[in-house]
Every structure is written in C-alpha cells, then in structure tokens.
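Nothing here was measured: the structure is a model prediction, and the numbers come from that model. Each residue takes its place number in the sequence, starting with 1.
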Amino acid sequence: MAWDLDADRPIYAQLVERIQMQIVSGYYSPGGKLPSVRELAAVAAVNPNTMQKAFAELERSGLIITQRTNGRTVTEDEELIQNIKSGLAKEHADTYFSKMKELGYPKREAVELLQNNCEGEE
C-alpha cells in the first residue's frame, strides 16, 4: 500500500521523515540493510529520483551509509539514532503544547490531559 503523503509539503522531505521514523522506532535496525531505492520507491508510490533525493539527505545526516557493493545500511551509531529520536520526540511535544495553547490550555492542564489519557490506556 502506498505511503500517505501530503501534497502541501515536498515529497522527499516527507520520505526522509518517514524513513527516519522507521529507523528510530526499530523497524530498520542499526547496521541493517535497507531496501533498494527502486523497491522503496515502489512501496511508497513515488518516483525513484525522489526516493534517491531522500536517501541522499539521510546519508548527509549520517543515519544511513552507502556501501558500493552492499547497498545502503542503517548506521550502527546508536547514539546518533537516539539523538535523532529525542529530537523528533521534542518536536512532537512542542507541537502538542503549541496546539494546546491555541486551544486555551495552560501547560499544566495540557500535561494533566496527557496523564489522564495515559492512565486510560493502562
């Protein structure tokens, strides 16, 4: 099934975010091999050139490594992966608190809502 991509933002940036998320969540493990550009482009239903651009960005960030004869692998640098994961989590938290502020919730009440939501899931 094709990935759900938003037409309002650059496709390659969304691909970078999606693959980053898959790496930091453990879907692709450190040192693990990634599918080829063509394979992943077919899964995402995007042009292979767009996927290549996303891979180049991920390589610049150090998250993936290209090996001429062995394709692309996820970095084994678990500290880098954890730093990216923490950065993404902070971005999501900032977005949550920003939206809650727009709704008129002070930070304390926004935190209480989160806590109550979490307690309901246990």
Side-chain angles (χ1 to χ4, degrees):
M1 187 169 127
W3 292 356
D4 186 26
L5 301 171
D6 183 6
D8 294 339
R9 298 185 319 121
I11 300 297
Y12 88 93
Q14 294 176 70
L15 296 173
V16 168
E17 291 169 4
R18 174 84 180 244
I19 297 168
Q20 271 183 337
M21 192 71 72
Q22 290 175 329
I23 291 170
V24 302
S25 70
Y27 184 81
Y28 295 120
S29 58
K33 190 165 171 38
L34 292 168
S36 72
V37 168
R38 289 195 184 280
E39 290 171 331
L40 215 47
V43 170
V46 298
N47 185 301
N49 292 333
T50 305
M51 186 60 72
Q52 177 61 40
K53 187 174 180 179
F55 271 26
E57 183 65 30
L58 289 164
E59 191 169 357
R60 272 192 293 279
S61 74
L63 205 50
I64 66 172
I65 299 164
T66 300
Q67 300 169 342
R68 283 184 175 247
T69 58
N70 208 17
R72 290 180 176 84
T73 58
V74 175
T75 182
E76 293 182 4
D77 185 348
E78 293 190 31
E79 185 176 342
L80 173 65
I81 293 171
Q82 187 59 44
N83 288 342
I84 291 172
K85 184 176 186 174
S86 296
L88 291 171
K90 183 179 180 333
E91 286 176 25
H92 286 291
D94 290 346
T95 299
Y96 170 77
F97 286 112
S98 174
K99 294 291 184 187
M100 295 305 287
K101 185 176 182 178
E102 287 177 24
L103 288 171
Y105 284 96
K107 199 172 227 178
R108 179 179 302 254
E109 286 182 35
V111 169
E112 288 174 11
L113 282 170
L114 275 177
Q115 289 173 331
N116 291 339
N117 190 336
C118 290
E119 290 169 4
E121 290 181 5
E122 292 179 11

According to a 4.5 Å side-chain heavy-atom criterion applied to Ile, Leu, Val, Met, Phe, Trp and Tyr, with indirect links allowed, do L58 and L5 form part of one hydrophobic cluster?
-> yes

Residues A41 and P48: closest non-hydrogen pair is CB-CA, 3.8 Å

Should T73 and I64 count as side-chain neighbours, where that means a heavy-atom distance under 4.5 Å?
-> no

Tell me, yes or no, whether the heavy-atom count around Y105 atom OH, taken from other residues, nucleotides or ligands under 6.0 Å, exceeds 12.
-> no

State, to 0.1 Å, how close D4 and R18 come at their nearest heavy-atom pair, and which atoms those are.
-> N-NH1, 4.2 Å

Are any side-chain N or O atoms of S25 and backbone N or O atoms of M21, one a donor and one an acceptor, separated by less than 3.5 Å?
-> yes

Hey, does the side chain of S29 reach the backbone of G26 with a donor-acceptor pair shorter than 3.5 angstrom?
-> no

Considering only heavy atoms from C-beta outward, does the side chain of I81 approach that of P30 to under 4.5 Å?
-> yes

So do H92 and Y96 actually touch side chain to side chain, heavy atoms under 4.5 Å?
-> no

Around atom CD of Q67, are there more than 12 heavy atoms of other residues, nucleotides or ligands at under 6.0 Å?
-> yes

To the nearest 0.5 Å, how far apart are CG in D77 and CD in Q82?
-> 11.0 Å

Distance, nearest 0.5 Å, that separates CD of Q52 from CG of N47 | 11.0 Å

How about I84 and Q20: do any of their side-chain heavy atoms sit closer than 4.5 Å?
-> yes

Side-chain heavy-atom pair V46, Y12 within 4.5 angstrom cut-off = no

Are L40 and W3 side-chain neighbours, meaning at least one heavy-atom pair lies under 4.5 Å?
-> yes

State whether the side chain of K33 and the backbone N or O of N70 hold a donor-acceptor pair below 3.5 Å, judged by distance alone.
-> yes

So which heavy atom on T75 is nearest to which on I65, and how close?
-> CA-CD1, 3.9 Å

Heavy-atom side-chain proximity of V37 to R72 below 4.5 angstrom = yes

Measuring from K85:NZ to E78:CD, what's the distance to the nearest 0.5 Å?
-> 10.5 Å

Any donor and acceptor pair, going by atom type alone, linking the side chain of S98 with main-chain N or O of D94 inside 3.5 Å?
-> no

Exam field: side chain Q14 to backbone R9, donor-acceptor pair closer than 3.5 Å | yes

Should we say atom CD of E79 is surrounded by more than 12 heavy atoms from elsewhere, each under 6.0 Å from it?
-> no

Side chain Y28, main chain I19, donor-acceptor under 3.5 Å | no

Keeping the roles fixed (side chain from E109, backbone from P106), state whether a donor-acceptor pair exists under 3.5 Å.
-> no

Of the non-hydrogen atoms in A44 and M51, which two are nearest, and what is the gap between them?
-> CB-CE, 4.0 Å

